[in-house]
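Numbers restart at 1 for each chain; the letters A, B, ... are given by sequence-line order, proteins then strands. Everything numeric here is computed off the predicted structure, so don't read it as measured data.
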There are 2 protein chains.
Amino acid sequence: MAEKTTIKRSRQRDAIVAFLKTRKDHPTADVVYQEIRTIIPNISLGTVYRNLAQLSERGDILRLPCDGKMDHFDADIRPHYHFICNRCGCVKDMELPYANNMDELAGNTFDGIITKHNLLFEGYCKECM
Amino acid sequence: MAEKTTIKRSRQRDAIVAFLKTRKDHPTADVVYQEIRTIIPNISLGTVYRNLAQLSERGDILRLPCDGKMDHFDADIRPHYHFICNRCGCVKDMELPYANNMDELAGNTFDGIITKHNLLFEGYCKECM
DNA sequence: TTAAAATTGATAATAATTACTATTTTCAAT
DNA sequence: ATTGAAAATAGTAATTATTATCAATTTTAA
């Protein structure tokens with residue numbers, strides 16, 4: 001039952017995490033791939049996808065769904081909201097306080113269990129205005 | 001400049017809108033396709049995608065992005081929030097009041113223009129609990 | 001009725017992501 | 001340090017959802 005699975009470190013995964021920590025712009029999988037390739041030239045794109053998925057499932061990074069566009073990834077795991085520019089596609093942090101009680105509040109009027117919420121703002125960033 | 005484009009009605013598009021209006025569960029494009037096929041057997045999947053895109057761009061229906069899963073479509077165009085079940089994937093309406101001032105509020109702490117926001121709740125529906 | 005433009009069905013193409021598999025790497029127990 | 005089982009990888013193939021293409025059909029204003 002309890003699928004015990006030992007996690008072993010890898011140079012590739014360490015590099016992905018280290019790279020994400022240097023960036024504030026929440027790169028996509030393909031950007032991570034291109035950048036890591038400058039360090040580990042023969043890393044596979046599948047490896048990048050696999051590790052981004054594993055890391056976000058473990059809670060070591062955040063996966064940011066962006067309304068149909070490609071997911072972005074964030075090494076800052078503190079819950080916070082994001083903005084996506086409809087022109088250039090950049091993703092930025094919002095300074096709004098995170099609504100910790102939002103799920104509980106929403107649950108009061110919902111027949112089921114609410115485990116989380118995702119709030120994404122859209123518009124145009126200052127560079128695109 | 002102003003791309004004036006006359007819209008002509010079509011049996012296929014009328015059928016898609018009519019179908020969506022009979023449903024409260026916000027179907028995906030492929031569900032729309034399967035259902036419309038019982039009325040118009042040789043309708044093309046491309047036609048369904050094309051019309052769902054056109055209709056949502058015109059504001060006649062809502063496109064609901066669902067955190068990486070397939071988009072769902074809603075004939076009820078009054079702004080409201082949604083929930084997606086992480087087990088069965090169903091999408092349901094939330095009864096929460098829509099925050100009309102959210103974009104303006106968020107704009108106060110953001111250097112750019114915010115045109116809209118998308119709030120999606122996740123968890124388990126009552127059938128899946 | 002007619003003709004220009006929108007729409008369609010059928011199919012091909014694309015883009016993003018996942019699956020597969022033989023090989024390599026990691027690491028706990030010797 | 002050595003070993004061996006499990007995890008991870010590179011490279012590639014396959015899949016999935018969606019969009020593009022285009023000749024033929026349909027719509028609608030004049």
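Put simply, the side chain of Lys8(A) and the base of dA8(D) share no donor and acceptor less than 3.5 Å apart. You won't find any donor-acceptor pair under 3.5 Å spanning the side chain of Thr6(A) and the base of dA7(D), going by distance alone.
What separates CG of Asp67(A) from P of dA16(C) is a distance of 17 Å, to the nearest Å. Remark: P of dT14(C) and CE of Met70(A) are 18 Å apart, rounded to the nearest angstrom. Rounded to whole Å, the distance from CG on Leu45(A) to P on dA16(C) is 10 Å. Between the CG atom of Asn42(A) and the P atom of dT25(C) there is a distance of 10 Å, given to the nearest Å. The separation between Gln54(B) atom CD and dT7(C) atom C1' is 9 Å, rounded to whole Å. Nucleotide dT8(C) holds its C1' atom 14 Å from the CG atom of Asp14(B), rounded to whole Å. If you measure from atom CD of Glu57(B) to atom C1' of dA6(C), you get 15 Å, rounded to the nearest angstrom. Rounded to whole angstrom, the span from the CG atom of Leu55(A) across to the P atom of dA8(D) amounts to 10 Å.
Residue Ile7(B) is classed as a sugar-phosphate contact, given heavy-atom separations below 4.0 Å to backbone atoms only. Using a 4.0 Å heavy-atom distance criterion, Ser10(B) is classed as a sugar-phosphate-only contact. Backbone-only contact: Arg9(B) has heavy atoms under 4.0 Å from sugar-phosphate atoms and none from a base.
Aromatic pair His117(B)/Phe83(A): centroids not less than 6.0 angstrom apart. For an aromatic pair to be called close, the ring centres must be under 6.0 Å apart, and Tyr98(B) with Tyr81(B) satisfies this.
In the model, His26(B) has a side-chain atom that pairs as donor or acceptor with a side-chain atom of Asp93(B) under 3.5 Å. Side-chain atoms of Asp74(B) and His80(B) form a donor-acceptor pair, as typed in the model, at a separation below 3.5 Å.
Not one side-chain nitrogen or oxygen of Arg50(A) sits closer than 4.0 Å to the OP1 or OP2 atom of dA8(D). Regarding contacts with the backbone of dT18(C), every side-chain N or O of Tyr49(A) stays at 4.0 angstrom or more from both OP1 and OP2. At the phosphate of dT26(D), neither OP1 nor OP2 sits under 4.0 Å from any side-chain N or O atom of Gln12(B). For dT8(C), one of the phosphate oxygens OP1 or OP2 lies less than 4.0 angstrom from a side-chain nitrogen or oxygen of Asn51(B).
Between Thr47(B) and Asp71(A), the residue anchored nearer the 5' end of DNA chain C, judged by the nucleotide with its closest heavy atom, is Thr47(B).
At distances below 3.5 Å, not a single donor-acceptor pair connects side-chain atoms of Thr47(A) with backbone N or O atoms of Ile43(A).
For Arg13(B), whose side chain is taken as the heavy atoms from C-beta onward, the closest listed nucleotide among dT8(C), dT18(D), dA16(C) is dT8(C).
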